[in-house]
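My questions all concern the structure below.
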Amino acid sequence: MHYQGSCHCGRIAFTVEAQAPISDVIDCNCSMCRRRGSLLWFAPREAFQLATDPADVATYHFNKAHIDHHHCRECGIAPYSEAVDPRTGTNMVAVNVRCVPAVDLAALTVTSYDGAAL
């Protein structure tokens, strides 16, 4: 399945391929995710394709700076982040499914993650 997503103004647009419909997401309570209200779905980085100019993507790091938190330079929306899965060494992308219009948010199974404890 191919999903399309974007920031609010559309300067960051992307497609991501999923092996199955997106149905399970993570609600992290770390200081970043709690404030921006992200619902995260994870995929291998190679399944993600940025469809717009990378120059429009700004990146923020905090804590141990292991995650590239990307947001739009224009509207400020954060549609995705990138990091290496420490368990496997795989490059991963965390998509904020709130930025993917085709995802029915009410139908998702949401799992809480205690990122604040890290």
Side-chain angles (χ1 to χ4, degrees):
M1 297 191 70
H2 290 284
Y3 290 95
Q4 295 181 327
S6 70
C7 63
H8 188 256
C9 73
R11 287 189 184 221
I12 298 176
F14 61 89
T15 60
V16 64
E17 185 173 335
Q19 300 299 319
I22 295 174
S23 60
D24 298 296
V25 296
I26 300 294
D27 180 13
C28 177
N29 69 351
C30 76
S31 60
M32 172 68 77
C33 293
R34 185 172 58 95
R35 284 172 173 82
R36 71 180 179 197
S38 299
L39 291 176
L40 302 172
W41 174 79
F42 296 85
R45 178 59 179 86
E46 63 265 11
F48 180 90
Q49 180 67 42
L50 187 63
T52 50
D53 187 350
D56 288 324
V57 177
T59 302
Y60 178 72
H61 296 102
F62 75 102
N63 196 1
K64 297 177 183 172
H66 292 168
I67 302 171
D68 297 334
H69 297 277
H70 300 303
H71 61 279
C72 177
R73 293 181 185 282
E74 182 67 22
C75 69
I77 299 298
Y80 72 103
S81 298
E82 296 177 88
V84 174
D85 183 333
R87 300 165 297 177
T88 65
T90 303
N91 290 326
M92 300 293 290
V93 63
V95 174
N96 180 358
V97 298
R98 292 186 185 275
C99 295
V100 181
V103 173
D104 178 4
L105 300 177
L108 295 172
T109 299
V110 179
T111 300
S112 296
Y113 179 77
D114 189 10
L118 298 178

NE2/His69 to SG/Cys30 distance, rounded to the nearest 0.5 angstrom?
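His69 NE2 to Cys30 SG: 6.5 Å, rounded to 0.5 Å.
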
**Message:** Holding to salt bridge (Lys or Arg N to Asp or Glu O under 4.0 Å), I want the full list of residues that pass it with Glu82, two or more places apart in sequence or in another chain.
**Reply:**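 Glu82 satisfies salt bridge (Lys or Arg N to Asp or Glu O under 4.0 Å) with Arg45 only.
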
- Item | Reported CD-to-CD1 distance for the pair Glu74 and Ile12, which is rounded to 0.5 angstrom |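 That separation rounds to 11.0 Å.
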
- Item | Derivation of the side chain to side chain contact (heavy atoms under 4.5 Å, CB included) call for His71 and Arg36 | CA-CA 11 Å; His71 61 279; Arg36 71 180 179 197; over 6 Å; no

Spacing of CG belonging to Leu40 relative to SG belonging to Cys33, to within rounding of 0.5 Å: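 That separation rounds to 5.0 Å.
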
Which atom pairs, donor and acceptor, lie under 3.5 Å between side-chain atoms of residues 89-114 and protein residues at least two apart or in another chain?
unit_1, atom_1, unit_2, atom_2, d
Thr90, OG1, Thr88, OG1, 2.9
Asn96, OD1, Leu39, N, 3.4
Asn96, OD1, Arg98, N, 3.1
Asn96, ND2, Ala78, O, 3.3
Arg98, NE, Gly37, O, 2.6
Asp104, OD1, Ala106, N, 3.2
Asp114, OD1, Asn29, ND2, 3.1
Asp114, OD1, Ala117, N, 3.4

With a 6.0 Å cut-off (strictly less than), is the heavy-atom count around CD of Glu46, excluding the residue itself, greater than 12?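 Above 12, so yes.
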
Pair His61, Asp68 - check side chain to side chain contact (heavy atoms under 4.5 Å, CB included), show working. CA-CA 6 Å; His61 296 102; Asp68 297 334; 2.5 Å; yes

For Arg87, enumerate each residue passing the side chain to side chain donor-acceptor pair (under 3.5 Å) test, keeping only those at least two apart in sequence or located in another chain.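 Partners of Arg87 by the side chain to side chain donor-acceptor pair (under 3.5 Å) criterion, ordered by chain and then number, come out as Asp85.
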
Positive for ring-ring contact (aromatic ring centres under 6.0 Å, His included) with Phe48, one of Trp41, Phe42, Tyr80, Tyr3
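Of Trp41, Phe42, Tyr80, Tyr3, ring-ring contact (aromatic ring centres under 6.0 Å, His included) with Phe48 is met by Tyr80 alone.
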
Identify the two heavy atoms, one from Ala13 and one from Leu50, that lie closest to each other, and give their separation to 0.1 Å.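 Looking at all heavy atoms of both residues, the closest pair is O-CD1, 3.4 Å.
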
task: Might you point out which heavy atoms bring Cys72 and Arg11 nearest each other, and give the distance in Å?
output: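 In this case the closest contact between Cys72 and Arg11 is SG-CB, 4.0 Å.
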
Exercise. Between CZ of Phe62 and CD1 of Ile67, what distance do you get to the nearest 0.5 Å?
Worked result: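 With rounding to 0.5 Å, CZ (Phe62) is 6.5 Å from CD1 (Ile67).
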
